[in-house]
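Following: one structure in structure tokens, then a few remarks.
Given the structure is predicted, the values throughout are model-derived calculations rather than measurements. Residue indices begin at 1 and follow the sequence shown.
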Amino acid sequence: MEDYIKNTIAGMIQGDGGWVEFVSFKDNRLTLLFRAECSKCFILDRCCNWIKGRILEDLGQNVEIEAIRKKPFFWET
């Protein structure tokens, strides 16, 4: 799963100015860290649903995604 996120999904997310990193995958629960534009996106849930759909289509696995937003320390909350 880590390779799939790094090699397939991350590049697509970066194309929109975002950044996603694999954190963990256990018991069909995928934890992802979102940085850059993703960290302040109002529709991050749509992106997570898109990632979930791609994983189901490409890997045949139904996962739940936990999204963690990581803003740089100098950005306002």
Side-chain angles (χ1 to χ4, degrees):
M1 188 63 68
E2 183 174 4
D3 288 339
Y4 181 78
I5 297 300
K6 182 179 178 181
N7 298 320
T8 303
I9 299 297
M12 295 177 190
I13 300 294
Q14 289 171 1
D16 284 338
W19 193 271
V20 62
E21 296 175 15
F22 175 88
V23 175
S24 66
F25 181 62
K26 183 176 181 181
D27 298 327
N28 287 331
R29 185 167 186 84
L30 175 61
T31 304
L32 299 173
L33 179 66
F34 290 90
R35 298 177 185 265
E37 293 301 314
C38 291
S39 70
K40 57 185 178 176
C41 182
F42 292 111
I43 58 170
L44 184 60
D45 59 327
R46 287 186 192 174
C47 188
C48 289
N49 287 335
W50 173 79
I51 293 170
K52 183 177 177 177
R54 287 295 308 255
I55 291 170
L56 182 59
E57 183 179 320
D58 293 345
L59 304 178
Q61 289 185 276
N62 191 13
V63 300
E64 291 300 319
I65 296 178
E66 177 185 358
I68 301 170
R69 295 175 189 256
K70 178 76 174 184
K71 292 183 182 180
F73 67 92
F74 52 86
W75 283 5
E76 294 181 6
T77 58

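Taking CD from Glu57 and CG from Leu59, the interatomic distance works out to 10.0 Å, rounded to the nearest 0.5 Å. One finds the CG atom of Leu33 at 10.5 Å from the CD atom of Glu66 (value rounded to the nearest 0.5 Å). Atom-to-atom distance recorded for Arg35:CZ and Lys40:NZ is 15.0 Å, nearest 0.5 angstrom. To the nearest 0.5 Å, atom CD1 of residue Ile9 and atom CZ of residue Phe22 are 13.0 Å apart.
At a threshold of 4.5 Å between side-chain heavy atoms, the hydrophobic network of Ile, Leu, Val, Met, Phe, Trp and Tyr places Ile68 and Leu32 in two separate groups. Linking Ile, Leu, Val, Met, Phe, Trp and Tyr residues whenever their side-chain heavy atoms come within less than 4.5 Å places Met1 and Phe34 in a single cluster. In the hydrophobic cluster analysis, where Ile, Leu, Val, Met, Phe, Trp and Tyr join through side-chain heavy atoms closer than 4.5 angstrom, Trp50 is grouped together with Tyr4.
In terms of heavy-atom proximity, Leu56 sits nearest to Asn62 at CD1-N, 4.0 Å. Nearest heavy atom pair, residue Ile51 against residue Ile65, reads CG2-CD1, 3.7 Å. Here the shortest heavy-atom pairing between Cys38 and Trp19 reads SG-N, 3.7 Å. Nearest approach of Ser39 to Lys70, heavy atoms of both residues: CB-O, 3.5 Å. Shown here for Ile13 and Cys47, the closest heavy-atom pair between the two residues is CD1-SG, 3.4 Å. When all heavy atoms of Leu44 and Ala67 are compared, the closest pair comes out as CD2-CB, 3.9 Å.
Counting only distance, with no hydrogens or angles, the side chain of Arg29 and the backbone of Ser24 share no donor-acceptor pair below 3.5 Å.
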Hey, mind stepping through Ile5 and Phe25 against side-chain contact (heavy atoms from CB on, under 4.5 Å) and telling me if it holds?
CA-CA 11 Å; Ile5 297 300; Phe25 181 62; over 6 Å; no
Apply side-chain contact (heavy atoms from CB on, under 4.5 Å) to residues Gln61 and Leu30 and explain how you reach the verdict.
CA-CA 11 Å; Gln61 289 185 276; Leu30 175 61; over 6 Å; no
